Amino acid sequence: MITCTGAVVYLFIIHSLMLEAGHGSEADTRPAGATAPGDIIIGGIFPIHEAVEKKNNTYSPHPQQCVRFNKRGFTKVLAMINAIETMNKSPILGDVGITLGYRIHDSCSDVSTVLRATADFTQQAGCAGGGNASTSGQPVMAIVGASYSEISIAIARQLTLDMIPQISDSSTAVTLSDKTRFPAFMRTIPNDKYQTAAMVRLLSDYGWNWVGIIITDGDYGRSALDSFVSQASEKGICVAFKAVLPGPVTSHDVQSAIKQAAGTIHKNHKAKVIVSFAKSTHVMDIYKELRNQALRAGQKIESVRRIWVASDSWSTSTSVLQGQRWTLEDMGHVVGFTFKRGDPSSFNQYLSKLEAAGHDNIRNNSFLEEFYSTQLIANGDAGDTALVSKAVEILREHTHAHTIFSVEMAVSAIAQAVASICRSRDCKRPGTVQPWEVLRALWMHQFKHNEKNYTFDNKGDINLGYNVILWRSEEGTIHVHDVVAEYHPINNSLTYTNHNTTKQFMDLKHIVSKCSNSCVPGEFKKTAEGQHTCCYECINCTENYYSNDTDMGQCLSCDSQTEWSPEGSSRCIPKTLEFFSWQDCFAVVLLTFAALGILLVLLVSALFVQQRNTPTVRAAGGPLCQVMLFSLVGSFISAVLFVGRPNRLQCKARQVLFGLSFTLCVSCILVKSLKILLAFHFNPGLQELLRRFYQPYVIIAACVALQVATCICWLVLKCPYNNVIKNPTTLLEDCHEGSHVAFGVMLGYIAVLALVCFVCAYKGRKLPQKYNEAKFITFSMLLYLISWMLFVPVYVTTSGVYLPAVEMVVILISNYGILSCHFFPKCYVILFRKEKNTTSAFKRSLYEYSSKNTESVSVSENSLSEKKDIGQPYIISAPSLFVPAAEPPKAGAVTNYKHNSSCISLYRSSVTQRNCLRRSTSM
């Protein structure tokens with residue numbers, strides 16, 4: 001096996017041969033820029049320069065010249081040196097009696113350059129068993145860095161061969177968490193999956209769903225782009241455009257890519273939010289070109305203002321604005337995501353020591369020497385003290401607490417891992433500790449930093465979340481240290497702090513970054529085919545559909561049974577339950593008439609009971625009047641049942657009660673009609689037939705019994721029930737009749753009885769006025785028939801809340817018709833024409849009627865003798881036409897005959913008197 005010294009000599013000989021052959025001009029491996037001796041050497045790789053000057057003027061392998069000194073990267077070098085010196089003084093290493101040294105290289109932000117630097121670490125690791133204890137010959141036990149993910153990926157592949165642990169302070173690519181590919185890589189920060197999740201959460205909270213994204217090409221940018229697009233699409237956030245810029249800032253393709261990206265931003269004026277994973281120099285160049293394009297187009301600077309959501313790669317890099325012709329107000333707003341910060345007091349003290357030491361502290365740190373040289377060139381003849389003070393002040397401006405914190409944690413983790421190993425062995429002897437042992441200790445043990453315990457998760461990451469900062473300008477100075485919110489990865493939430501700038505941060509919600517305006521409740525999004533889901537038009541929800549949130553993809557359906565909604569509605573409206581309410585004005589009027597009717601019936605009934613022995617009451621029917629009045633009370637009550645919210649019992653009772661009560665009333669009227677027809681019909685044969693079948697109460701009972709049978713069949717077979725009719729906007733609750741046939745039969749039966757009453761009464765319309773009810777019966781039945789004939793077509797063709805009122809009106813008309821025609825005239829005679837309510841008045845009326853119809857009512861002798869031969873006197877029993885005994889009228893038209901004369905018998909109980917009318921016509 002070749003020894004370490006032999007390998008170095010061999011490499012030196014090969015290198016010399018290559019130089020002599022013209023294949024290289026200098027060593028492939030640059031010396032470390034900053035070194036310090038120690039028992040355990042820690043390597044460091046940081047971007048001290050931003051790029052390399054690539055000149056393809058030779059085919060031989062050669063290192064390129066690094067350009068553009070990076071002050072932020074240099075502060076990381078100083079942070080690592082300070083952390084190592086601090087740990088060397090701590091009890092952690094003092095107890096095991098070892099010190100840490102370092103060897104720090106410049107990555108120059110270039111993969112090829114960093115691979116040459118990494119060769120220094122891996123070669124020395126291969127010589128770990130040698131006895132050379134010098135700094136340049138000691139093996140490196142762990143590496144801190146690199147900053148950019150693309151650089152870290154390249155280093156990690158090489159370090160994995162020797163399992164040298166690498167702890168990065170700012171490489172966030174998700175792929176580095178894959179331990180099957182990068183088992184020796186670790187970091188003191190979360191990976192980009194959490195940063196993009198934090199960004200998406202911010203965009204979602206602020207309602208920005210139309211954004212652009214800019215990345216610097218490379219593993220970091222591509223990984224961040226994929227992660228962001230994936231998580232953004234899940235939250236309904238669309239990427240309006242993607243701009244990918246070449247990685248090297250000195251590439252010839254950068255300027256054309258910058259112009260194209262600026263043109264894309266300018267064209268997408270609705271995308272007010274730009275998410276950037278690019279380098280700070282790229283962001284600066286893009287805004288410069290964007291501003292120039294606006295000015296060339298004659299537009300105002302306000303047209304290019306944007307909200308720049310900055311990743312950790314440039315969120316604290318104020319170089320975007322320093323030395324430029326624009327201000328933060330011109331640029332818009334910068335919202336940055338940074339890693340959790342620690343206490344930078346130790347590093348600030350170290351900078352103060354540098355300032356006090358002046359040039360004497362350069363020693364083995366060529367990076368510091370170069371930094372001082374650049375300041376000497378920039379500041380001319382300034383004295384050494386002023387030069388150093390100015391340089392340190394610049395370093396303070398480029399110091400960021402989160403960056404220092406990450407580097408310090410990496411050093412603390414390595415130091416404590418080494419200390420855990422060296423407690424059981426003598427680590428001062430070279431080759432005692434192997435890199436893979438340090439890696440195992442890093443995985444196995446937690447470490448402490450600033451009195452807090454930390455541990456790497458199963459992916460080798462330390463996920464503390466993020467701070468959200470808002471750039472602000474104050475007297476020309478850009479402040480990037482104000483934390484306005486904190487992102488918690490465990491529950492994916494943003495917590496806003498109470499800082500003074502938080503209000504300004506919250507005010508950003510008023511800024512709209514959308515392809516289309518939000519669809520308000522009552523509308524839904526309609527996306528055209530082939531368009532982004534964030535570009536749509538807002539369409540009103542149709543009837544009976546609603547949307548209750550902004551930007552809903554579809555409208556929701558209302559419950560058609562109980563709800564409805566008009567076009568463009570944001571909620572469902574409960575259907576109004578309608579019925580013929582007690583509070584309805586029309587119902588109040590009808591109920592008033594019903595109550596008045598019941599009151600009038602009761603008053604009439606009381607009056608008739610008091611006047612029951614008077615000729616008027618007896619002529620009106622006597623006891624039958626009370627039956628009729630009782631039935632009218634039932635009919636009026638049935639009308640009341642048509643008001644109010646219907647229930648099953650009410651639906652059954654209202655029609656049956658009306659049918660039976662009004663049938664009883666009409667049956668009584670029918671008996672009165674038949675009595676008139678029987679009393680004054682002059683056809684002996686028909687009169688005899690009528691006399692035999694005329695049984696008033698039997699007739700009434702039979703008529704009512706038929707209606708009872710109809711109602712029973714109706715209730716048993718298909719009874720009425722309360723029903724809910726579902727209209728578009730209302731629920732109409734009413735009574736369904738169950739069987740319209742049964743309902744029609746019930747009403748038809750009453751109509752038939754009324755028609756018979758009408759016909760019978762019409763024939764007796766010319767009888768004496770004092771006891772002639774024929775005209776009143778005729779009019780009341782005619783009114784009833786007409787009202788119900790009108791009701792039928794209205795009932796069949798009408799629906800709605802007032803349909804019960806239609807039937808109620810007809811019932812009241814029928815009731816009042818009977819009450820007015822049958823009872824009010826009698827009441828008028830009883831109360832106001834008492835002189836006509838006497839027996840003599842009734843006899844006089846009968847005499848006058850007989851006198852006017854002498855010729856028509858005289859009986860020929862032949863007819864009388866025929867009757868005499870028959871031997872049966874013609875007697876009509878008419879109880880209601882009884883007239884009390886009185887002196888006969890003076891007129892001689894009436895003569896008392898013996899038993900051989902035809903006469904009309906007027907009697908009451910056992911008292912019978914016969915007043916016979918001579919008739920001139922044949923019987």
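Since the model is a prediction, treat every value here as computed from it, not as a measurement.
Under a cut-off of 6.0 angstrom, the local environment of CE in Met506 is crowded, with over 12 non-hydrogen atoms contributed by other residues, nucleotides or ligands. By the 6.0 Å contact criterion, NZ on Lys509 is enclosed, its count of non-hydrogen atoms from other residues, nucleotides or ligands being greater than 12. Within 6.0 Å of atom CZ in Phe630, 12 or fewer heavy atoms from other residues, nucleotides or ligands are found, so the atom counts as exposed in its surroundings. The number of heavy-atom neighbours closer than 6.0 Å to CG of Asn517, taken from other residues, nucleotides and ligands shown, is 12 or below. Shown here is Glu543, whose CD atom has no more than 12 heavy atoms of other residues, nucleotides or ligands within 6.0 Å. The environment of Tyr545 atom OH is sparse: at most 12 non-hydrogen atoms of other residues, nucleotides or ligands sit within 6.0 angstrom.
Salt bridge Glu563/Arg571: absent, no basic N to carboxylate O contact under 4.0 Å.
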What verdict does the side chain to side chain donor-acceptor pair (under 3.5 Å) test give for Thr730 and Asn727, after you've listed the backbone C-alpha separation in whole Å, the side-chain angles of each residue and the deciding distance to 0.1 Å?
CA-CA 5 Å; Thr730 61; Asn727 296 320; 3.3 Å; yes

Output, in order, the C-alpha distance, side-chain angles, deciding distance and verdict of side chain to side chain contact (heavy atoms under 4.5 Å, CB included) for Lys514 and Asp551.
CA-CA 11 Å; Lys514 294 184 177 182; Asp551 292 333; 3.9 Å; yes

Under the side chain to side chain donor-acceptor pair (under 3.5 Å) rule, what do Ser581 and Gln583 come out as? Steps first, then yes or no, please.
CA-CA 5 Å; Ser581 172; Gln583 289 77 27; 2.6 Å; yes

Would His488 and Thr495 count as a side chain to side chain donor-acceptor pair (under 3.5 Å) if you check the C-alpha gap in whole Å, the side-chain angles of each, and the deciding distance to 0.1 Å?
CA-CA 8 Å; His488 308 283; Thr495 301; 3.0 Å; yes

Report the C-alpha distance between Val604 and Cys827 in whole Å, list the side-chain angles of each, state the deciding distance to 0.1 Å, and finish with yes or no for side chain to side chain contact (heavy atoms under 4.5 Å, CB included).
CA-CA 7 Å; Val604 171; Cys827 294; 3.9 Å; yes

Step by step, would you call Leu782 with Phe758 a side chain to side chain contact (heavy atoms under 4.5 Å, CB included)?
CA-CA 7 Å; Leu782 184 61; Phe758 173 77; 4.2 Å; yes

Run the numbers on Asn209 and Leu203 for side chain to side chain contact (heavy atoms under 4.5 Å, CB included), then give the verdict.
CA-CA 7 Å; Asn209 66 358; Leu203 299 176; over 6 Å; no

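Here the CG-SG distance, from Leu670 to Cys703, works out to 5.5 Å after rounding to the nearest 0.5 Å. With rounding to the nearest 0.5 Å, the separation of CG in Leu819 from CG in Leu812 is 11.5 Å. Note that CG of Leu508 and CG of Leu470 are 6.0 Å apart. Values are rounded to the nearest 0.5 Å. In this structure, SG on Cys555 lies 10.0 Å from CG on Asn548, to the nearest 0.5 angstrom. Rounding to the nearest 0.5 Å gives a distance of 11.0 Å between CD of Gln626 and CE of Met628. To the nearest 0.5 Å, atoms CH2 (Trp564) and OG1 (Thr729) are separated by 5.5 Å.
The closest donor-acceptor contact from the side chain of Asp549 to the backbone of Met552 lies at 3.5 Å or more, if one exists at all. Using a distance-only test at 3.5 Å, with no hydrogens or angles considered, no donor-acceptor pair links the side chain of Lys718 to the main chain of Glu737. With hydrogens and angles disregarded, no donor-acceptor distance shorter than 3.5 Å links the side chain of Arg645 to the backbone of Leu577. Distance alone, capped at 3.5 Å, is enough to place a donor-acceptor pair between the Arg201 side chain and the Asn492 backbone. Of the possible donor and acceptor atoms, none in the side chain of Trp714 sits under 3.5 Å from a partner among the backbone N and O of Val656. In this structure, the side chain of Ser233 engages the main chain of Val229 through a donor-acceptor pair within 3.5 Å. The closest donor-acceptor contact from the side chain of Ser513 to the backbone of Lys272 lies under 3.5 Å. Side chain of Arg612 to backbone of Val609: a donor-acceptor contact under 3.5 angstrom is found. For Ser820 (side chain) and Tyr816 (main-chain N/O), a donor-acceptor pair under 3.5 Å exists by modelled atom type.
Closest approach of Phe658 to Ile750, counting heavy atoms only: CE2-CD1, 4.4 Å. Val617 approaches Cys625 most closely through the heavy-atom pair O-SG, 4.4 Å. Listed here is the closest heavy atom pair of Ser518 and Tyr536: CA-OH, 3.9 Å. Across every non-hydrogen atom of Gln195 and Tyr466, the tightest pair is CB-OH, 3.1 Å. Nearest heavy atom pair, residue Ser227 against residue Thr196, reads OG-OG1, 2.7 Å. For Pro521 against Thr550, the heavy-atom pair with the smallest separation is CD-CG2, 4.0 Å.
Val809 has its side chain within reach of Ile813: a pair of non-hydrogen atoms, C-beta onward, lies under 4.5 Å apart. Inter-residue side-chain proximity for Leu831 and Leu607 is flagged as met; some heavy-atom pair is nearer than 4.5 Å. Looking at heavy atoms from C-beta onward, Ser667 lies out of side-chain contact with Ile699 at the 4.5 angstrom threshold. Annotation: side chain of Thr616 is not in contact with side chain of Arg833 (no heavy-atom distance under 4.5 Å). Using a 4.5 Å heavy-atom threshold, the side chains of Glu486 and Val468 count as separate. Between Val643 and Pro804 there is no side-chain heavy-atom pair separated by less than 4.5 Å. Within the 4.5 Å cutoff, the side chain of Phe228 has heavy atoms near those of the Val239 side chain. Under the 4.5 Å side-chain criterion, counting only non-hydrogen atoms from C-beta, Ser814 is in contact with Val810.
With 3.5 Å as the limit, one finds no donor-acceptor pair spanning the side chains of Glu523 and Ser547.
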Enumerate, atom names and distances included, each donor-acceptor pair closer than 3.5 Å involving a side-chain atom of residues 588-602, sequence neighbours excluded.
| unit_1 | atom_1 | unit_2 | atom_2 | d |
| --- | --- | --- | --- | --- |
| Thr592 | OG1 | Val588 | O | 2.6 |

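Ring centers of Phe579 and Phe642: at least 6.0 Å apart, outside the cut-off.
Taking the six-membered ring where the residue is Trp, Trp210 and His532 present perpendicular rings, their angle passing 60° and hence far from 30°. Ring geometry for Tyr784 against Trp788 counts as tilted: the plane angle lies between 30° and 60°, on a 0 to 90° scale. Ring pair Tyr496/Tyr206 is tilted by interplanar angle, where 30° to 60° counts as tilted. Taking the six-membered ring where the residue is Trp, Phe580 and Tyr802 present perpendicular rings, their angle passing 60° and hence far from 30°.
At least 2.5 Å separates the SG atom of Cys515 from that of Cys534.
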